[in-house]
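Working notes for the structure below.
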Protein chains: 2
Amino acid sequence: MAEESCHRVAPVHTHPEQVPVRTALAALADPVRLLIVRELAGSPDWTRACGSFRVPVRKAALSHHFQVLRSAGLVEQRDEGAKRLNRLRREEFEARFPGLLDLVLREDD
Amino acid sequence: MAEESCHRVAPVHTHPEQVPVRTALAALADPVRLLIVRELAGSPDWTRACGSFRVPVRKAALSHHFQVLRSAGLVEQRDEGAKRLNRLRREEFEARFPGLLDLVLREDD
DNA sequence: CCAGGTGTTCGATGAATGGCGAACACCGAG
DNA sequence: CTCGGTGTTCGCCATTCATCGAACACCTGG
């Protein structure tokens, strides 16, 4: 019945199309998540593991933030060996919330 | 020294230009405030008093939400007799956060 | 197989947020 | 002036949220 071999449980994703506006706004309203999204926007897809971001929180909190970002349709994750690589869902998110991503990326604040 | 006559203290406003993105996003991420903004968007300027909105909270909470909306540069208020009339700061907010207002107004969710 | 690195999950905790009623302040109508 | 309506402020309470350390699971390199 198993689709693939005996790998660890894949992360649960939500497609931007299914995301309510409030969820997207709330996800982007947090300082740490904003850091992650911006840093991720400046890196090629699938080049950043979760632990590679320069954020002022520890692993547990970081893991929680990635859960929120997945639920908001902002981040996609894939397991690569021991690491979990990330990708910003630019196109899909832009299609669902036009201009929103640009808005938070073009900020210094 | 008084600018006008002996009126009650005017509400404190923040211009959208001075509003950090996080503040704007957080303000719009609340269900009640979203109701207010949407209802306000469907009414002409200065035609809606605070108490005239169909929201599921009482006066005290409502007053709090308007405080948040003012701080986020979303709403402007003016005293007219005993009532406090409201206006959605469409132009200014749009200039500061292009597309954001349209995004939350074009939603059914 | 073992060790080290990566990430998740599980309570616990403290802070922030949103809600309420009550009390107060202000205005216009009578 | 008194009253009813409008809105703010003040405690107080409940819920949510971000954070942590510790324990666990998984993968890779030796």
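Throughout, protein chains are lettered first and strands after them, A, B, ... in sequence-line order, and every chain is numbered starting at 1. Just so you know, these numbers come straight off a predicted model, no measurement behind them.
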Quiz item: Base, backbone or nothing for each nucleotide of nucleotides 6-25 of chain C, written B, S, -, heavy atoms under 4.0 angstrom, 5' to 3'?
Solution: SBBB--------SSBB----

Quiz item: In chain order, what residues pass the side-chain hydrogen bond (donor to acceptor under 3.5 Å, both in side chains) check against E76(A), with sequence neighbours excluded?
Solution: R87(A)

Exercise. Determine which pairs satisfy ring pair (Phe, Tyr, Trp, His ring centres under 6.0 Å) with at least one residue from residues 22-49 of chain A, sequence neighbours left out, and list them in order.
Key: none

Practice problem: Sequence neighbours left out, what pairs pass side chain to side chain donor-acceptor pair (under 3.5 Å) with at least one residue falling in residues 51-64 of chain A? | Solution: R48(A)-S52(A)

Quiz item: dG28(C) P sits how many Å from D79(B) CG, rounded?
Solution: 10 Å

Quiz item: So what is the end-to-end bend of the helix from dC1(C)-dG30(D) to dG30(C)-dC1(D), with 5 pairs used at each end and the value given to 10 degrees?
Solution: 20°

Quiz item: Does the side chain to side chain contact (heavy atoms under 4.5 Å, CB included) test come out yes or no for C50(B) and Q77(B), once each step is laid out?
Solution: CA-CA 9 Å; C50(B) 294; Q77(B) 297 185 316; 3.4 Å; yes

Exercise. Please name all residues satisfying side-chain contact (heavy atoms from CB on, under 4.5 Å) with E80(A), sequence neighbours left out, ordered by chain then number.
Key: R78(A), L85(A)

Exercise. Sequence neighbours left out, what passes side-chain contact (heavy atoms from CB on, under 4.5 Å) with A26(B)? Give chain and number order.
Key: A29(A)

Quiz prompt | Set of side-chain contact (heavy atoms from CB on, under 4.5 Å) partners for L105(A), sequence neighbours left out | solution = V37(A), R38(A), A41(A), R90(A), L101(A)

Self-check item: For P98(B), all residues meeting side-chain contact (heavy atoms from CB on, under 4.5 Å), sequence neighbours excluded
Solution: L103(A), E94(B)

